[in-house]
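These numbers come from a predicted model, not from an experiment.
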There are 2 protein chains.
Amino acid sequence: MPTFGQRLRDLRKAKGLSQRALGDMAGVNFTYISKIENEKLDFAQFPSEQLIRSMAAALEADVDELLLLAQKIPEPIKRRVIERPDAFRKFASLDDETINKLLEDLEDG
Amino acid sequence: MPTFGQRLRDLRKAKGLSQRALGDMAGVNFTYISKIENEKLDFAQFPSEQLIRSMAAALEADVDELLLLAQKIPEPIKRRVIERPDAFRKFASLDDETINKLLEDLEDG
DNA sequence: ATCCTGGTTGCTGTTGGAGTTCAACACTAT
DNA sequence: ATAGTGTTGAACTCCAACAGCAACCAGGAT
């Protein structure tokens, strides 16, 4: 799994955009993009959820993937956790192996 | 399901504490407790995660229950979601019926 | 050699809004 | 009347999330 900064840089280059171009599209200064990509942000470890959404839109990338890399829970997942806390507390307590089995069951099921 | 404010008030009264007493224990002004209980917070819909933890400790209550009522994802669940985004994106997309079946499978399985 | 274009980073500055307190008031009950 | 409790609008503090300059480096084109 790449870091948020690495992934952002890859997505940007794949689109052939400069930091300045992406900055303009997302509405932030290009030096801030640089700091994000190099993980040199002063206090916050990651940019705001709003900015992540703007950047994902500009890059035509998967918002939720970027949110997860930035340690933020995407809205649809969050909603479901709040709705079914019983289930998700259980799921969260499972080890990788058991989770994998569940996923397989869902494939065929 | 009660609101966060209602539940907090119930827990506090069950302990026979005044707002001032709880406020002192949790390290905040009692007027803030009042606003939380009556949901009169201007912008923030809920208090910070830190304060919720302090109050839960003072009330000897279940932290995760209060966190969920305050629409915040408890840390252990959040960690697992970040570790296995593939699985939890899938789980979150399931309807109640399918989730129930999964839980049953886990009971016997 | 000089000039773009693109990127990095330290530094200082700005600001919206979350979080909290203050002041004043109201209601009981004793 | 006063002690304890709760409510509420206004005001305050504080900092995360940016802005943005300045100086510097690397590589490529002219």
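The phosphate of D/dA17 has neither OP1 nor OP2 within less than 4.0 Å of any side-chain N or O from A/Q50. Note on A/R9: a side-chain N or O is less than 4.0 Å away from OP1 or OP2 of C/dT8. Contact annotation: A/Q45 side-chain N/O to D/dA16 OP1/OP2 distance is not under 4.0 Å. Phosphate proximity of C/dG6 to A/R12: absent, as no side-chain N or O sits under 4.0 Å from OP1 or OP2.
Position along DNA chain D of the nearest nucleotide to B/N38 versus A/F46 favours B/N38 as the more 5'-ward residue.
Remark: the A/R20 side chain and the C/dG7 base include a donor-acceptor N/O pair separated by less than 3.5 Å.
Minimum atom distance to the side chain of B/Y32 is reached by C/dT20, of the listed C/dT20, D/dG6, D/dA10. In the set C/dC22, C/dC11, D/dG6, C/dC22 carries the atom at the smallest distance from any side-chain atom of B/N29.
Taking CG from B/D105 and OG1 from A/T98, the interatomic distance works out to 12.5 Å, rounded to the nearest 0.5 Å.
Counting any heavy atom pair closer than 4.0 Å across all strands shown, A/G27 reaches sugar-phosphate atoms only and no base atom. Nucleic acid contact class of B/L51 (heavy atoms, under 4.0 Å, all strands): sugar-phosphate only. In this structure, A/S48 reaches the sugar-phosphate backbone alone: every heavy-atom distance under 4.0 Å involves primed, P, OP1 or OP2 atoms, never a base. A/S34 comes within contact range of at least one nucleobase, with a heavy-atom separation under 4.0 Å.
In this model, a donor atom of one side chain and an acceptor atom of the other lie less than 3.5 Å apart for B/Q19 and B/E37.
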